[in-house]
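Encoded as structure tokens, the structure appears first; notes follow it.
Along the sequence shown, the residues carry numbers beginning at 1.
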Amino acid sequence: MKRKEMEKKQNKIKRPVFSQNSRYIGYHYVEVPSQPLATTRHKCPACYKQYKQKEHLTEHMKISYHSVHDPKCGVCNKHCKSFESLREHIAGPLSKVNCSSIFAERGCILCLKICSSMDSLNEHKEMCHLTTPPSIDSAEMLYSEPEMDNIRGQEVVAIDCEMVGGDWSQDLCARLCLVDKDEKLIFHTYVLPQNPVTDYRYEITGITEENLRDAMPLEEVRERIMQILCDGREKVLVGHNLEKHLECLRMNYPNHLLRDTATYQPLMKTNFVSHSLKYLTKTYLGYDIQVGFHDPYQDSVSVMRLYKRICSQDHPMVRLSSSPPLSFISCSDPWRSVANERMTLEELLVISKANYKCWCLPNFRV
């Protein structure tokens, strides 16, 4: 009997009973409606964050700019905003156990790719781990004056400038190097700054006053660069901190043709601050640069290699079925459509766009 009474009291609470004179005379049990124990949570199909309300998840996806171009874990397919955050996810101190164990066994530490077996990983490492380019002194100028027409077929050019100091800590271009997509040296020269040099920064640049005595004037250097870049066909200009390079050269170039490894979002830190070229080269290409003097040829080749590695990424565009659902037809606001349950979260991820332009996309405008 006591057990049955206890079971009856599980969904009830005590309520005191008072008389008309407000005197306590006892208590009785009041039944409480049962509440569901489990609550439905809505999970983001990209970063796997969970929300109680679907509207909150929709707002999260709206401001997160998830897309198929995000760096993605090869084990759990989680989307990350940068390769740095992906590296923390699979190899950091707070990494996921399953992802970190598989990556430690079959993952490439440079490009963060997960290979199918140890044999394929060893083959992949031979292509992924690159060697240090030769110094500028041993690099041969492959394009002489009569052969400049051969550059017309090149679509991408990498640039690197070595800076010396002027008045008020001003950066002045004192050495310049251009290479093509095949790492061939196109143009190299010392540059005579238009303003007086107050600091040659010899311990970094290796440049002395004697190097600049018979150097090419800045205006002539600028004309030569524009002849190479604007020869009838638009060329992509690759560099690290291009805004600073162009400012020192006092020249402009169309924004949609610039590829800057310092400001490309997947190559930045988790707080979207730029990495140094030395760090990017060591982390993603596997070799050291700028050990002694900064070598403009090695720097420009490293920038070109980083650019080509990003361009070679495989970002398959996820397509829906051949006959799109009605939710895609006459849908002016897809975010509101999700809130109204006309479009699923997976469908939304397909059409969601990143807040930057991936370098794997041809002919894009920034």
Side-chain angles (χ1 to χ4, degrees), residues 9-15 30-103 112 114 264-273 313 315-358 360-361:
K9 294 178 181 178
Q10 283 181 355
N11 295 330
K12 297 180 180 180
I13 59 174
K14 276 185 178 181
R15 286 286 175 85
V30 178
E31 188 171 353
V32 179
S34 59
Q35 298 290 336
L37 297 179
T39 58
T40 303
R41 300 186 67 88
H42 303 275
K43 185 168 69 172
C44 175
C47 66
Y48 302 154
K49 287 184 178 180
Q50 297 186 18
Y51 296 86
K52 292 182 179 179
Q53 300 292 332
K54 189 173 183 180
E55 294 78 7
H56 297 166
L57 174 56
T58 304
E59 185 64 24
H60 157 76
M61 294 190 66
K62 187 175 181 179
I63 64 177
S64 296
Y65 301 101
H66 294 306
S67 77
V68 295
H69 300 280
D70 292 337
K72 191 167 59 174
C73 176
V75 181
C76 67
N77 291 324
K78 177 182 178 181
H79 290 233
C80 299
K81 281 302 178 183
S82 66
F83 290 107
E84 194 82 357
S85 58
L86 175 58
R87 193 179 299 274
E88 291 183 1
H89 169 74
I90 58 180
L94 299 177
S95 59
K96 299 296 182 180
V97 176
N98 184 43
C99 298
S100 61
S101 60
I102 294 178
F103 179 79
L112 308 181
I114 305 294
Y264 185 61
Q265 183 171 306
L267 292 177
M268 301 177 77
K269 300 179 182 180
T270 54
N271 59 352
F272 301 120
V273 176
Q313 287 182 303
H315 292 155
M317 297 300 293
V318 181
R319 300 295 181 185
L320 298 174
S321 59
S322 56
S323 56
L326 294 177
S327 57
F328 280 87
I329 303 175
S330 302
C331 182
S332 58
D333 188 355
W335 306 104
R336 187 179 299 276
S337 176
V338 173
N340 296 334
E341 298 185 355
R342 292 176 54 206
M343 184 183 294
T344 65
L345 295 172
E346 287 72 18
E347 291 173 343
L348 180 63
L349 181 60
V350 173
I351 65 172
S352 179
K353 295 182 180 179
N355 57 346
Y356 68 93
K357 295 296 184 179
C358 183
C360 76
L361 297 173

At what distance, to the nearest 0.5 angstrom, does [atom1] of [X] lie from [atom2] of [Y]?
X    : Y    : atom1 : atom2 : result
K78  : C99  : NZ    : SG    : 8.5 Å
S95  : L86  : OG    : CG    : 11.5 Å
C358 : Q265 : SG    : CD    : 11.0 Å
T58  : Q53  : OG1   : CD    : 10.5 Å
L349 : M61  : CG    : CE    : 5.0 Å
C44  : H56  : SG    : NE2   : 15.0 Å

*For S64, does its backbone N or O pair with a side-chain atom of K81 as donor and acceptor, under 3.5 Å?*
yes

*Under 3.5 Å donor-acceptor, H69 side chain and K357 backbone*: no

_Looking at every non-hydrogen atom in both residues, tell me the closest pair between H42 and L57 and how far apart they are._
CB-CD2, 3.6 Å

*So K269 and S82, side-chain contact (heavy atoms from CB on, under 4.5 Å) or not? Walk me through it.*
CA-CA 7 Å; K269 300 179 182 180; S82 66; over 6 Å; no

Taking the side chain as every heavy atom from C-beta outward, state whether [X] and [Y] have any pair of such atoms under 4.5 Å apart.
X    : Y    : result
K52  : R41  : yes
L112 : R87  : yes
K96  : H89  : yes
I114 : I102 : yes

*Apply side-chain contact (heavy atoms from CB on, under 4.5 Å) to C80 and D70, showing your working.*
CA-CA 6 Å; C80 299; D70 292 337; over 6 Å; no

*Could you check whether the rings of Y264 and Y356 sit parallel, tilted or perpendicular, using 30° and 60° as the cut-offs?*
perpendicular

*For this output row, return yes or no: ring centroids of H60 and H66 closer than 6.0 angstrom.*
yes

*Of the options T270, N271, L267, which is the one that meets E84 in a side chain to side chain contact (heavy atoms under 4.5 Å, CB included)?*
T270

